[in-house]
Number of protein chains: 2
Amino acid sequence: MAPSSTSAGSPRRPRADAERNRTRVLDAAREVFRARGDEAQMPEVARAAGVGIGTVYRHFPSRAALIAAVGEQRQAEIVEFGRTRCLPSATAADGLAAYLEHIGEVLDAERGLSASIEAAFGSTEPTGEGRARAEDIAGQLLVRAKEEGAVREDAEVGDVVMIVCGLAAVIRYGAGDWRRYVRNACAGLRP
Amino acid sequence: MAPSSTSAGSPRRPRADAERNRTRVLDAAREVFRARGDEAQMPEVARAAGVGIGTVYRHFPSRAALIAAVGEQRQAEIVEFGRTRCLPSATAADGLAAYLEHIGEVLDAERGLSASIEAAFGSTEPTGEGRARAEDIAGQLLVRAKEEGAVREDAEVGDVVMIVCGLAAVIRYGAGDWRRYVRNACAGLRP
DNA sequence: AGCGGAACTGGAATCCGATTCCGTTTAACC
DNA sequence: GGTTAAACGGAATCGGATTCCAGTTCCGCT
């Protein structure tokens, strides 16, 4: 493919240090939020990344945006898992269950991010770049599962989205055994 | 003899104006949070209640505590509904569905409180005064529903709690049609 | 039918953390 | 090497929750 370029021509290559710092900040944020959850503060992230606060804000216009960016990374990983592990499952129902389970796993491992991912999967988010792909996987599994007769005909992707949104909350608030939640939710889609 | 208590008894009746102000603040908070959601600020509440900020803080040690207090009122109302409308249902399964539906209704009507109620139903909350009663109702319905064979034998109150927690999130983030969510969740408990 | 003082009140002051601003530094292009 | 736009750092600003306290009000007693 043609090298990346904007439509209007390339005024200048992005500075190397800028790109490096962006990555550093993102990595640091991931780590800090994992460790301290919602408590984590912007200066902490900056310090962990070894940059000034200003730099953090240069790359991410707000705390929320930073969290969202980290969340999107996660989403990407989830999508990847879904494509490689769940779509090829023997039965689509199993694949869907594994998909949900994996999402739970990720959220559980990074409690601090739950809120963000919750939000990302909720409808608040404007873009939905990665979300669309995540939903696409769920959609494919759902279609196949219907063909297999393992899922009610009237089930929709939206139902899965709501399950995920709920899952995030269950994990975030530690409302109970989230694996049970996933199992029940799957059962709720059966004919 | 004079009934004056010596040690642990009631040192004094709470001052009338204090109680009045507490109520005013609580009512104002309910209204302000309903109208403006999470955005609502403490000074707004104080103004709406016609008291100073200090007074708000005298009665509720923090913003979170105030929100929690409002949430508990809601919880009480939900419990009341559960007792009078759901427990007497023809079938326990219907009662349970109605209970969940009602919770959804309340949360939907007051988007701004969703977060608090979510939290109150999650395990974050220490007390669980009203929550215990809310769970008790769910528990009774669950037992009866099992007897009726409308719910799986291994279903627990915890499962319902998770459903409610998820429901709150679905509504809060507008993740989809929450009535469908409730229907699916109920289906997930069937044998 | 008034007094003493604890409890309550209002709002100014404080604190804390996100966000902005701007002089300085650096990498890309010539 | 020189020019310049972009990126950097961190001090300053801003917004909103929370604390503090001097003044006021009710309660219990006489």
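Lettering of chains follows the sequences in order, A, B, ..., and the numbering in each one begins at 1.
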Does anything in residues 132-152 of chain A pair up under ring-ring contact (aromatic ring centres under 6.0 Å, His included), and if so which pairs, sequence neighbours excluded? none
Result for 5'-nearest mapping on DNA chain D, choosing between A:Pro14 and B:Asp17, is A:Pro14
Starting at CZ of A:Arg24 and ending at C1' of D:dC8, how long is that distance when rounded to a whole Å? 12 Å
Between protein and nucleotides 19-25 of chain C, map the contacts as a letter string: B base, S sugar-phosphate only, - none, heavy atoms under 4.0 Å, written 5' to 3'. BB-----
Quick one: side-chain hydrogen bond (donor to acceptor under 3.5 Å, both in side chains) pairs with a partner in residues 92-101 of chain B, sequence neighbours left out? B:Thr91-B:Asp94, B:Glu101-B:Arg179
Between B:Glu19 (CD) and C:dT9 (P), how many Å, whole number? 11 Å
By side chain to side chain contact (heavy atoms under 4.5 Å, CB included), A:Leu87 pairs with (sequence neighbours left out) A:Arg83, A:Ile137, A:Gln140, A:Leu141
Protein-nucleotide distance (A:Arg13, atom CZ; C:dA28, atom C1'), rounded to Å: 7 Å
Distance-only criterion, 3.5 Å: show the donor-acceptor pairs between side-chain atoms of residues 162-170 of chain A and protein atoms not counting sequence neighbours.
none

Give the minimum heavy-atom separation between B:Ala145 and B:Ala93, together with the two atoms involved. CB-N, 4.2 Å
Can you see if the side chain of A:His59 gets near the phosphate of D:dA7 - specifically, an N or O under 4.0 Å from OP1 or OP2? no
For residues 55-65 of chain A, which residue pairs qualify under side-chain hydrogen bond (donor to acceptor under 3.5 Å, both in side chains), counting only residues two or more places apart or in two chains? none
Heavy atoms from C-beta onward define the side chain here; which of D:dC8, C:dA28, C:dG10 lies closest to that of A:Ala16? C:dA28
Below 4.0 angstrom from OP1 or OP2 of D:dC8, is there any side-chain N or O of A:Asn21? yes
Quickly work out the A:Arg47 CZ to C:dG17 P distance and round it to whole Å. 11 Å
Any A:Thr55 side-chain nitrogen or oxygen under 4.0 Å from OP1 or OP2 of D:dG9: yes
